[in-house]
Amino acid sequence: MSVLRSAALFVVAAVFEIGGAWLVWQGVREHRGWLWATGGVLALGAYGFVATFQPDAHFGRILAAYGGIFVAGSLLWGAVADGYRPDRYDIVGALICLAGMAVIMWAPRNGG
């Protein structure tokens with residue numbers, strides 16, 4: 001059950017992290033205004049808060065694993081929100097990142 005909880009937290013955190021970065025991008029780069037950018041900053045703060053609920057207590061491990069989620073999630077977000085079409089290398093790279101995240105987070109360890 002701990003893996004399911006951890007995976008769910010990764011999904012929620014990814015929405016906040018990637019969504020927050022996208023809102024800042026839209027607010028500043030796409031000139032949609034500072035309210036969008038402010039919403040993005042708040043979402044990025046929420047991402048940090050959600051990350052603290054991961055069952056593993058090692059900050060470095062959690063952040064490294066979120067890196068893999070960020071890569072795959074960003075490609076997905078770009079495809080859905082901005083019409084980006086990942087090529088096969090994007091997809092292979094994202095799958096490698098997700099595999100790395102799974103090893104980092106859920107590989108059996110002795111003692112910790």
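Hydrogens, waters and symmetry mates are skipped; everything else that's a heavy atom, side chains included, is used. Counting from 1, the numbers follow the sequence of the chain as shown.
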Legend entry - Non-hydrogen atoms of Ala51 and Ile62 that approach each other most closely: O-CG2, 4.2 Å

Legend entry - Donor-acceptor contact present, side-chain Gln54 to main-chain Ser6, <3.5 Å: yes

Legend entry - Phe70 reachable from Phe10 in the ILVMFWY side-chain graph, under 4.5 Å edges: no

Inset, instruction - Indicate if Val24 and Leu35 have the same hydrophobic cluster label, given that clusters are the connected sets of ILVMFWY residues with side-chain heavy-atom separations under 4.5 angstrom. - result: no

Could you give the side-chain donor-acceptor pairs of residues 87-99 under 3.5 Å, partners two or more places apart or in another chain?
| unit_1 | atom_1 | unit_2 | atom_2 | d |
| --- | --- | --- | --- | --- |
| Asp87 | OD1 | Tyr89 | N | 3.0 |
| Asp87 | OD1 | Asp90 | N | 2.9 |
| Asp90 | OD2 | Tyr84 | OH | 2.6 |
| Asp90 | OD2 | Asp87 | N | 3.0 |

Legend entry - Other residues, nucleotides, ligands: >12 heavy atoms within 6.0 Å of Trp25 CH2: no

Inset, instruction - Output all residues satisfying side chain to side chain donor-acceptor pair (under 3.5 Å) with Asp56, sequence neighbours left out; order by chain, then residue number. - result: His58, Arg61

Inset, instruction - Decide whether Val12 and Leu9 are clustered together by the hydrophobic rule: side chain heavy atoms of Ile, Leu, Val, Met, Phe, Trp, Tyr closer than 4.5 Å, transitively. - result: yes

Inset, instruction - Flag yes if Val3 and Met101 sit in one hydrophobic cluster, no otherwise; membership is Ile, Leu, Val, Met, Phe, Trp, Tyr, and two members link when side-chain heavy atoms are under 4.5 Å apart. - result: yes

Legend entry - Exercise: identify the closest heavy-atom pair between Ile104 and Ala65: CG2-CB, 4.2 Å

Inset, instruction - Is it possible for you to say whether Tyr66 and Phe16 belong to one hydrophobic cluster, with membership spreading through side-chain heavy-atom contacts below 4.5 Å? - result: yes

Legend entry - Heavy-atom pair of closest approach, residues Tyr47 and Leu63: OH-CD1, 3.4 Å

Inset, instruction - Heavy atoms only: give me the nearest Ile18-Ser74 pair and the separation to one decimal. - result: CD1-N, 3.4 Å

